[in-house]
Protein chains: 2
Amino acid sequence: MAQSTPEGGSGWGPPGAGQEVTVPVPAAAGSGPISHAIFRLARLHRMFAGQLLRRIGLHPGQELVMMHLWELGPQRQADLVRLMDSDAATMTRTVRRLEQAGFVRRRPSPTDKRASLIEPTAASHALRREVEQVWSQLEDLSTAGLSDDECTAALRTLERLERNLVQAAADSTGANRER
Amino acid sequence: MAQSTPEGGSGWGPPGAGQEVTVPVPAAAGSGPISHAIFRLARLHRMFAGQLLRRIGLHPGQELVMMHLWELGPQRQADLVRLMDSDAATMTRTVRRLEQAGFVRRRPSPTDKRASLIEPTAASHALRREVEQVWSQLEDLSTAGLSDDECTAALRTLERLERNLVQAAADSTGANRER
DNA sequence: GGAAATTACCTGTCCGAACAAGTAAATCAC
DNA sequence: GTGATTTACTTGTTCGGACAGGTAATTTCC
């Protein structure tokens, strides 16, 4: 991992704010500062989550599935896909790996022969506290030194960016074919 | 802590949109609102970048390599790894794919028989404007409707979160072995 | 000069993510 | 009821990303 040492951010130029940036902004990415910041933050965040989850035998993404199952009980894969806004193919493999790891069991749906219900195993419940601890820890690390107001503001900022992209995606797919 | 959970994050329904295009925040993730927001934003952002890059024959990540090469000229793989804070193994494969795609060429380093210099091909320069356009477009979509001040604030927020994680990573690695 | 550590790169493996394509079952339309 | 469409799921492929391990060249230190 070896995140580079804090050092000179090549100021990209907005008014006033001439503060140091902690990350290498090698000017090549000066093009899209926000995009690049999202990219780097995401990478770091994912790496951190992976590092924490690794200790409890999960990979990033798997813990989300487990959390949904613990909270909502048995779900079909399609439900999990919808809950996580994920991909059906990815879910197939993720569930299979969770099954092989013994955290999940499949049961054929009584009402739909196409579907199977995914349910957490008894063994998996021992993980629940640990997973919640990991998420809590990750949240604390991310928001270290931020006041409640700042956290709220940060959350709003992230959601605003997300909303923009959701909107753009809706526009672009909607432009092609009316849904 | 940091458990603000402002009203489940819902409530932004675009007026009149007869569909719940927005994002599922299924309470299971209410645990770490910031973490989850980062996760979702990153996923969307990456998906969008991939969609845009796909049209010009690149995959997410490859464009970063190319941008560095265009800007800095021939680099060793190790340099690219450092510039992108990436992984050596990943870089090996990324460079090979870029080479197979004809965007990059390898030349043995004159001073170091272990290393090879990666340089952009002439053909690749036709891509440069398109790549920059993609980044510009991505930035515009992300920051749609944001004022300059809001953009700056958003950037600072992202960098603050990143700095926290960088710090946490430095702490955890530094705790194990003093560097 | 020569052993030991470091550096640069490659390969294998596993994972999530996305796309394409396919199968089977359920639902809809007529 | 039959045919068309939709839904649920699977597999194959390709990519980035991370880890483990391996080779060769370089540097460090004695």
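Residue numbering restarts at 1 for every chain, and letters A, B, ... go by the order of the sequence lines.
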Nearest whole Å is fine: how far is [N] [atom2] from [X] [atom1]?
X: A/Arg96; N: C/dC14; atom1: CZ; atom2: P; answer: 13 Å
X: B/Met91; N: D/dA18; atom1: CE; atom2: C1'; answer: 14 Å
X: B/His45; N: C/dA17; atom1: NE2; atom2: P; answer: 17 Å
X: A/Asp79; N: D/dT7; atom1: CG; atom2: C1'; answer: 12 Å
X: A/Leu53; N: C/dG16; atom1: CG; atom2: P; answer: 11 Å
X: B/Ile118; N: C/dA8; atom1: CD1; atom2: C1'; answer: 11 Å
X: A/Asp85; N: C/dG16; atom1: CG; atom2: C1'; answer: 15 Å
X: B/Met66; N: D/dG16; atom1: CE; atom2: C1'; answer: 17 Å

Report yes if a side-chain nitrogen or oxygen of [X] is closer than 4.0 Å to either non-bridging phosphate oxygen (OP1 or OP2) of [N]; otherwise report no.
X: A/Arg97; N: C/dG16; answer: yes
X: B/Arg43; N: C/dA18; answer: yes
X: B/Thr92; N: C/dC10; answer: yes
X: B/Gln62; N: D/dG16; answer: yes
X: B/Gln51; N: C/dC19; answer: no
X: A/Gln77; N: D/dT10; answer: yes
X: B/Arg106; N: C/dC9; answer: no
X: A/Arg76; N: D/dA8; answer: yes

Given [options], identify the nucleotide with an atom nearest to the side chain of [X].
X: B/Asp87; options: C/dA8, D/dA8, D/dC19; answer: D/dC19
X: B/Ala89; options: C/dG16, D/dA20, C/dC9; answer: D/dA20
X: A/Arg93; options: D/dG16, C/dA26, D/dT13; answer: D/dT13

Regarding A/Gln77 and A/Arg82, do their side chains bring together a donor and an acceptor under 3.5 Å, going by distance alone?
no

Minimum heavy-atom separation for A/Ala154 to B/Ile34, with atom names?
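Nearest heavy atoms, A/Ala154 then B/Ile34: CB-CD1, 4.1 Å.
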
Are [X] and [Y] ion-paired here, with the side-chain N under 4.0 Å from a carboxylate O?
X: A/Arg107; Y: A/Glu119; result: yes
X: A/Arg106; Y: A/Glu99; result: yes
X: B/Arg128; Y: B/Glu132; result: yes

Would you indicate whether A/Arg156, at its atom CZ, is surrounded by more than 12 heavy atoms from other residues, nucleotides or ligands within a distance under 6.0 Å?
no

Would you mind telling me which residue lines up with the more 5' stretch of DNA chain D, A/Ala88 or B/His59, judged by nearest nucleotide?
A/Ala88

Heavy-atom nearest nucleotide on DNA chain D taken for B/Pro60 and for A/Arg54; more 5' hit belongs to B/Pro60

Is it the case that D/dT7 (base atoms only) and A/Arg114 (side chain only) share a donor and an acceptor within less than 3.5 Å, ignoring hydrogens and angles?
yes

How would you label the contact of B/Ser116 with the nucleic acid (heavy atoms, under 4.0 Å): base, sugar-phosphate, or nothing?
sugar-phosphate

